[in-house]
2 protein chains.
Amino acid sequence: MSEAKKHDHSALVDKLHRELPGDKKLCDLADLFKIFGDTTRMRILFSLFESELCVCAIAELLEMTQSAISHQLKVLKDNRLVANRREGKTIFYFLADDHVRKIIEQGYEHLTEDEHHEKII
Amino acid sequence: MSEAKKHDHSALVDKLHRELPGDKKLCDLADLFKIFGDTTRMRILFSLFESELCVCAIAELLEMTQSAISHQLKVLKDNRLVANRREGKTIFYFLADDHVRKIIEQGYEHLTEDEHHEKII
DNA sequence: CTATCATATGAATACACATTCATATGAACG
DNA sequence: CGTTCATATGAATGTGTATTCATATGATAG
């Protein structure tokens, strides 16, 4: 037997090490949440909650540069959170699927629960 | 009436502007997701899915510095995603509530749906 | 084909933040 | 108390990335 060092958890650690999802999965998951972790992108997603919008409408709404919006829309599209369709010169963006709404709603719930906590203080 | 400029959406933009959640809410929400948007924090959260763990167990499991883990645990705790309890010298961390699990699971679902897409290609 | 409108994109800049290193706190034990 | 173990924390560093600026693409109208 190996001499037990200070505070040995090798057994537990080994077990958990086998159970943890692969690094690829965890990294992908973190990358997904990273997309939601930016105020501009979050505001864009909320803008698209009700209806599709063209790029310049989003830019006006959020009072930001067309370029800034366009860059972020690319990030959102590359990660399949939004999709777009062309109509003449205009390109309309819309939410890609319902997961986007669900993920955001879950986050919202956590927040409101926190407010509950703050009231007590 | 104001002269309609090129591509006028002022009506739609005004309407949406009133409907959008306040900047504080959106910022808080983005900040929440930002927490999940880091591989180390995601791995820590997954480590705690099954059972509570002390800091050095997490550090061993993830093969990272105690300091790095401690810094991230602070972030997680400040945002109420984990909580801790003391037992002598040791401090055990655990998931604060079920929202954490739900949020992560929603993200996971979105990912697996994407894999579906990739298979078709 | 040229001008214009809508959008995309590359490079540069500026800022946020994860990790490291050194050190501090804090509990238990002799 | 002084030492040791477990954890926390402050400052410095390096990396990632959001925005800006300038410019490119791409569609439409004349």
Side-chain angles (χ1 to χ4, degrees), chain A residues 3-9 12-13 23 26-27 30-45 48 52-79 82-94, chain B residues 3-9 12-13 23 26-27 30-45 48 52-79 82-94:
Chain A
E3 63 291 329
K5 296 189 226 163
K6 46 181 177 175
H7 209 188
D8 184 27
H9 354 63
L12 179 55
V13 166
D23 275 2
L26 287 170
C27 213
D31 283 345
L32 174 63
F33 284 116
K34 208 174 290 178
I35 309 297
F36 292 92
D38 174 84
T39 310
T40 298
R41 286 191 291 263
M42 186 58 72
R43 291 170 78 213
I44 291 177
L45 291 174
L48 300 176
E52 63 177 12
L53 291 174
C54 66
V55 180
C56 65
I58 301 174
E60 277 183 46
L61 178 60
L62 305 187
E63 293 170 336
M64 290 183 65
T65 311
Q66 173 266 323
S67 180
I69 299 297
S70 207
H71 275 293
Q72 295 307 335
L73 282 171
K74 176 169 171 49
V75 174
L76 292 169
K77 196 190 168 198
D78 287 349
N79 287 273
V82 305
N84 60 15
R85 70 181 179 85
R86 163 158 257 148
E87 194 176 307
K89 289 182 269 190
T90 310
I91 297 184
F92 289 95
Y93 280 84
F94 48 90
Chain B
E3 63 290 329
K5 295 187 229 166
K6 45 181 175 174
H7 209 187
D8 183 27
H9 353 63
L12 178 57
V13 166
D23 275 2
L26 287 170
C27 212
D31 284 344
L32 174 63
F33 284 115
K34 209 173 290 177
I35 309 296
F36 292 92
D38 174 84
T39 310
T40 298
R41 286 192 291 263
M42 185 58 73
R43 291 169 80 213
I44 292 177
L45 292 174
L48 301 176
E52 63 177 14
L53 290 174
C54 67
V55 181
C56 65
I58 301 174
E60 277 183 46
L61 178 59
L62 305 187
E63 294 169 335
M64 291 183 64
T65 311
Q66 173 267 322
S67 180
I69 299 297
S70 208
H71 276 292
Q72 295 307 334
L73 281 172
K74 177 170 169 51
V75 175
L76 291 170
K77 195 190 169 199
D78 287 349
N79 286 273
V82 304
N84 60 15
R85 69 182 181 85
R86 163 159 256 147
E87 195 177 304
K89 288 182 269 187
T90 310
I91 296 183
F92 289 95
Y93 280 83
F94 48 91

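First the proteins, then the strands, lettered A, B, ... as listed; each starts at 1.
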Quiz item: In whole angstroms, how far is the P atom of C/dA6 from the CZ atom of A/F92?
Solution: 11 Å
Quiz item: If every non-hydrogen atom of A/T39 is compared with every non-hydrogen atom of B/C27, which pair is closest and at what distance?
Solution: OG1-SG, 3.7 Å
Quiz prompt | Whole-Å distance separating the NZ atom of A/K74 from the C1' atom of C/dA6 | solution = 17 Å
Practice problem: Kindly point out which of D/dG26, D/dT7, C/dT9 is positioned nearest to the side chain of A/S70? | Solution: C/dT9
Self-check item: Closest heavy-atom pair and its distance - A/C54, B/H9
Solution: SG-NE2, 3.4 Å
Quiz prompt | A/E87 or B/I91, whichever maps to the more 5' nucleotide of DNA chain D | solution = B/I91
Exercise. Give one of base, sugar-phosphate or nothing for A/Y93, where a contact means two heavy atoms less than 4.0 Å apart.
Key: sugar-phosphate
Self-check item: Atom pair distance, as rounded to whole Å: CG in B/L53 and C1' in D/dT7
Solution: 15 Å
Exercise. Can you see which heavy atom on A/L61 is nearest to which on B/V13, and at what distance?
Key: CD1-O, 3.5 Å
Exercise. Could you state the atom-to-atom distance from NE2 of A/H9 to P of D/dT7 in whole Å?
Key: 7 Å
Self-check item: N/O donor-acceptor pair under 3.5 Å between A/R41 side chain and B/A30 backbone
Solution: no
Quiz item: Has the side chain of A/Q66 got a donor or acceptor atom sitting under 3.5 Å from an opposite partner on the base of C/dA8?
Solution: yes
Quiz item: Shortest non-hydrogen contact from B/M42 to B/F36?
Solution: CE-O, 3.2 Å
Quiz prompt | Heavy-atom closest contact (B/T40 atom, B/L62 atom, distance) | solution = O-CD1, 4.4 Å
Could you list the protein-to-nucleotides 15-21 of chain D atom pairs, N/O on both sides, closer than 3.5 Å?
from: D/dA18; atom 1: OP1; to: A/R41; atom 2: NH2; distance (Å): 3.2
from: D/dA18; atom 1: OP2; to: A/R41; atom 2: NH1; distance (Å): 3.1
from: D/dT19; atom 1: OP1; to: A/T40; atom 2: OG1; distance (Å): 2.6
from: D/dT19; atom 1: OP2; to: A/Q72; atom 2: NE2; distance (Å): 3.1
from: D/dT20; atom 1: OP2; to: A/T65; atom 2: OG1; distance (Å): 3.0
from: D/dT20; atom 1: O4; to: A/H71; atom 2: NE2; distance (Å): 3.2
from: D/dC21; atom 1: N4; to: A/S67; atom 2: OG; distance (Å): 2.7

Self-check item: d(CG, B/L73; C1', D/dT7) in whole Å
Solution: 10 Å
Quiz prompt | Between C1' of C/dC17 and CG of B/D78, the distance in whole Å | solution = 14 Å
Quiz item: In whole angstroms, how far is the C1' atom of C/dC17 from the CD1 atom of B/I35?
Solution: 11 Å
